[in-house]
Amino acid sequence: MGLHLQNYISYTQDDDDVDLSLKTLTSIDAVPNVDVIKEWIPKVKAICISHAHLDHVGAAPFLAKEFNCPIHGTPYTIEVLKLLLEDKEIKIPNRLIVHDVNSVFKISENIKIEFISITHSVIHTVMIVIHSKYGKIVYANDFKLDNQPTLGSKSNLGRMSQLNDVKLMIMDSLYANRPIKTPSESVAKELLREVMISTNSKGKAIVVSTFSSHLARLKSIIEFSKQLKRNVVFLGRSIEKYIRAGENIKIIEFSKYGKIIKYRQQVQNFLKKCKNPEDYVFIVTGHQGEPKSVLARMVFNNYFNFKKEDIVIFSCTIIPGEENIRNREKIESELKKKKVRIFRDIHVSGHGAREDARDLINMIKPKNLIPTHSETTTAENFIELAEEMGYKENKNVFLLKNGQKLIFK
Ligand SMILES: [Zn+2]
């Protein structure tokens, strides 16, 4: 149920009034092509979504109606889906069913689903276990193994290591090429502390941009803003959406700490009228340099009068892709012309690396493995790790292409 974000964004960005029919979105590869499972569609019992990122839930508004079954997810995931539907004014016939992290539910006579808490860069992420009479199938997309998360629950390692008879694990291998264990979100918090608290920002504006759905990161930014005795103001549509989803289900109360301004005109008015920017931390959309974001408008459309040595913090990395690289370059070079101080890469990833993958495989002990969520070369690094651990390519670890089927006997 995920969107291919690059394909979707480059198709929709120039125009607000584009054809969002399933046929068109399938033809541009923005949503999964369900033709390959055509004969199963009437038999599908449930759609289970592991977390609230758009590359996992973003296609549900267009695709879910093809399936005559409910959608299951954790509270934050379902709340984000509701707001996506509201945003796009789309109605789907599927029932939306909320389950807490670490819960089990039956979807048919023969199949039970278990949601096990696992850490990632959005709260309420779960590893999904399909319990069937043929054994268990584990879906671990996406994850990191963070022992000190700064918001939300830890990974339920106890339950994971109890699972037995796991026939197959389908898992996140995005950073299988990195020979490390991905640092905790608490490390990202320290990186932010260094920049926000230890840099002399007296009399200067501070602008921070990060992933809008990364509530843990936003929480740290709020905490340091309070220490600096500055007011927080959240600017932009997507930030508003992900904060509202969290507040609707009462897991955060960010609006207590600062104004949230959603619409472009109001953002512009607020920034134009702001006489004392040095009293604020502006949390804005635009970490990838997106041309319609608040940051891009502050820089290019004169929404904001940047002064020498004002501070702009990118609490993210650039998601690889020519367009992102180009967009960020444009923004950064314009900021440099304005003599603004730029702090990049104040971030740690939400995806595990090679040593996280090893730990998870050792814990779950699956009979078979399928790496996903990566380029072919990275998946090859995953295969190499699996072989080091005793698996063998095409015997019990498989590198599949889109649309390819695999039968376990
Ligand atoms: Zn994700």
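- No donor-acceptor contact under 3.5 angstrom links the side chains of E323 and S10, judged on distance only.
- Proximity of a side-chain donor or acceptor of K219 to a complementary backbone N or O of T150 within less than 3.5 Å is detected.
- Distance alone, capped at 3.5 Å, is enough to place a donor-acceptor pair between the N7 side chain and the D29 backbone.
- Close placement of the F270 and Y280 rings is indicated, their centers lying within 6.0 Å of each other.
- Listed by chain and number, the residues in a side chain to side chain contact (heavy atoms under 4.5 Å, CB included) with N33 are T26, D35 (sequence neighbours excluded).
- With F62 as the fixed residue, the side-chain contact (heavy atoms from CB on, under 4.5 Å) test singles out one of T24, I92, I90: I90.
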Test log, rule side chain to side chain contact (heavy atoms under 4.5 Å, CB included), inputs F382 and V397: CA-CA 9 Å; F382 179 93; V397 56; 4.2 Å; yes
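- Heavy-atom neighbours of D19 CG from other residues, nucleotides or ligands within 6.0 Å: above the threshold of 12.
- Side chain of E240 to backbone of I260: no donor-acceptor contact under 3.5 angstrom is found.
- At distances below 3.5 Å, at least one donor-acceptor pair connects side-chain atoms of R217 with backbone N or O atoms of S315.
- The minimum heavy-atom distance linking M196 with I221 is given by the pair CE-O, 3.8 Å.
- Of all heavy-atom pairs spanning K65 and P93, the tightest one is CB-CD, 3.7 Å.
- Taking the charged nitrogens against the carboxylate oxygens, K226 and E223 have no contact shorter than 4.0 Å, which rules out a salt bridge.
- The closest donor-acceptor contact from the side chain of T125 to the backbone of I118 lies at 3.5 Å or more, if one exists at all.
- Within 6.0 Å of atom OH in Y263, 12 or fewer heavy atoms from other residues, nucleotides or ligands are found, so the atom counts as exposed in its surroundings.
- A donor-acceptor pair under 3.5 Å links the side-chain atoms of Q288 to the main chain of I319, judged by distance alone.
- Judged by distance alone, the side chain of T74 and the main-chain N or O of H99 form no donor-acceptor pair under 3.5 Å.
- Judged purely by distance below 3.5 Å, without hydrogens or angles, the side chains of D172 and H351 pair a donor atom with an acceptor atom.
- Comment: E114 does not engage K136 in a salt bridge, judged by the lack of any side-chain N to carboxylate O separation of less than 4.0 angstrom.
- A salt bridge links E39 and K405; the closest N-O separation between the charged side-chain nitrogens and carboxylate oxygens is under 4.0 Å.
- At least one donor-acceptor pair under 3.5 Å links the side chain of S117 to the backbone N or O of K154.
- Atom OH of Y134 has 12 or fewer neighbouring heavy atoms from other residues, nucleotides or ligands inside a 6.0 Å radius.
- Salt bridge absent: E86 and K241 never bring a charged side-chain N and a carboxylate O closer than 4.0 Å.
- For E247 and R244, the salt-bridge test fails: no basic side-chain N is under 4.0 Å from an acidic carboxylate O.
- The two residues H72 and A46 have their closest heavy-atom pair at CD2-CB, 3.5 Å.
- D146 contributes no side-chain N or O that, together with a main-chain N or O of S184, makes up a donor-acceptor pair within less than 3.5 Å.
- A donor-acceptor contact shorter than 3.5 Å links the side chain of H124 to the backbone of Y76.
- Between H53 and F211, the distance from one ring center to the other does not fall under 6.0 angstrom.
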